Amino acid sequence: MMKDDVPGFGIQDSTKQHFAIPGTGIQALLPNGDSASPTSEEVTKLYKKRWVIVFLFSAYSLCSAFQWLQYGIISNIFIRYYDVSSLTIDWLSMAYMIAYIPLLFPVAWLLDIRGLRVIALIGSGLNCLGAWIKTGSARPDLYGVTLCGQLVCAVAQVFILGMPSRIASVWFSTSEVSTACSIGVFGNQLGVALGFLLPPVLIPNIEDKALLSHHISVMFFGTAAIASVLFILVIFVFQDSPPKPPSLAQAMLQNTPESDYSYKQSILRLLRNRNFILLVVSYGLNTGAFYSLSTLLNRMITEHYPGEEVNAGRIGLTITVAGMAGALITGLWLDRTKTYRQTTLGVYILSVIGMVIFTFILNLGKLWAVFITAGTLGFFMTGYLPLGFEFAAELTHPECEGTSSGLLNVSAQVFGLIFTMIQGQILESFGVIPGNLFLCSFLLVGAVITAFIKADLRRQRANQDAARNVTTEDFP
């Protein structure tokens, strides 16, 4: 295993080696050392700054996710405050899903040609701008302003959601990529957790709209201040890539001739990749169900437990914190075992079981039981998110991770939008249990689809092939 700031593999032959990248028809070059030099050239290297990059990304991803849920978890309060329908407030969450769909390919293309830093600057900058726009909407007649600010934040998250797997590949070694991706997703999940926890605490359910405006302003200005600090940090700290690649697979990609790469052909290869398409659908079903559950959780809890807005937020917090633990544990597990398909399928099946149990516990009148089952559900359902990113990176290597994870997120947004609208109507017409059973049925379909995905681990194979060639050159 490579250590911090310790050189990686060396190659002594001065002849550049060509390697075919599986499934692409592209010939990559692995840089070799100079045979005249007494020591081998450094090919790979790890830098301590990689941890700064991934944690800074996690921080502004947290801020973005918090703004997604700050309305939905206290939807009953905002419905009364702005004097609008429940669907109108739901659109403040669904705006995030809608914005992602048309903007995925332009943003993925920009990530592909301009790199991580440009995307980080745009994402954190728009998130900051949207937060400041919302500071001007703390009046009952200014729903339009809060919608405008939320739309800007929704565009910002398009530049954020697809980044974890790309950061992991560009900055981290093969023994760390799954853990790094989990940390990237961890920030987003922590933002969701705070989005569940803080709004019910900061904004009490009171009738006085003038006092309510004050509490809403405190939340909006606090969010804007934090978003501003994070944007400034991104400007001065965030770096596009390390001077030397962290792995042999990344070294091969960085030495691929530009003339051999086509973004259009990359998209077409992804769409022809059967295993990846199956993962896109199954990931969308799971994550879309989570988006719908998160958006409508307040209505589910307050229907069975009136006046429990704060506990609704705490239940959402429990789901997300348990999911963060699940994400980190599964990331460490994948780095150790590389059992992507088995782990993904196992977590998916347990998500289905957790959702069924959560559905039938809700109406028993025992909040402690709801907390326990919510935590179990969150551990697997939310813990699944980084699994999907990393499995996709394996199935689609060497395609840009931003493109593959972006397609996963588009699927999640589409299913999330559909599920939220349909489940919302089921909740109003038939109640909570039918609405949740609707989600359970699609989660079961997703588990079945996952069972048909083959473990075609191209990234692992590329690293093994490159290591074998290095060994052959060093020890003929």
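Computed from a predicted structure; not experimentally measured. Residue numbers count from 1 along this sequence. Values below: all heavy atoms of this structure, side chains included; hydrogens, waters and symmetry mates excluded.
For the residue pair Thr88/Ser85, the side-chain donor-acceptor check at 3.5 Å is satisfied. Side-chain contact annotation: Thr330 with Tyr384, donor-acceptor N/O pair under 3.5 Å absent. Residues Ser64 and Gln157 have side chains that never bring a donor and an acceptor to within less than 3.5 angstrom of each other. There is no side-chain donor-acceptor pair under 3.5 Å between Trp68 and Thr295.
Under a 3.5 Å cut-off, the side chain of Asn188 and the backbone N or O of Ala65 do not form any donor-acceptor pair. Between the side chain of Tyr71 and the backbone N or O of Trp91 there is no donor-acceptor pair closer than 3.5 Å. Side chain of Ser58 to backbone of Ile183: a donor-acceptor contact under 3.5 angstrom is found.
Under a 4.0 Å N-O distance rule, the pair Arg299/Glu428 qualifies as a salt bridge.
Environment of CH2 in Trp333: sparse, with no more than 12 heavy atoms of neighbouring residues, nucleotides or ligands closer than 6.0 Å. Atom CZ of Arg139 has 12 or fewer heavy atoms from other residues, nucleotides or ligands within 6.0 Å. More than 12 non-hydrogen atoms from other residues, nucleotides or ligands lie less than 6.0 angstrom from CZ of Arg274.
The CG atom of Asn409 sits 3.5 Å away from the OH atom of Tyr100 when rounded to the nearest 0.5 Å.
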For Tyr60 and Phe231, what are the C-alpha separation, side-chain angles and deciding distance, and is it a ring-ring contact (aromatic ring centres under 6.0 Å, His included)?
CA-CA 8 Å; Tyr60 74 79; Phe231 180 45; 9.4 Å; no
Walk me through whether Arg50 and Glu176 qualify under salt bridge (Lys or Arg N to Asp or Glu O under 4.0 Å).
CA-CA 11 Å; Arg50 69 191 189 279; Glu176 298 172 332; 3.0 Å; yes
Given side-chain hydrogen bond (donor to acceptor under 3.5 Å, both in side chains), test Gln189 with Thr382 step by step and report yes or no.
CA-CA 8 Å; Gln189 292 175 324; Thr382 317; 5.0 Å; no
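Looking at heavy atoms from C-beta onward, Asn311 lies in side-chain contact with Phe371 at the 4.5 angstrom threshold.
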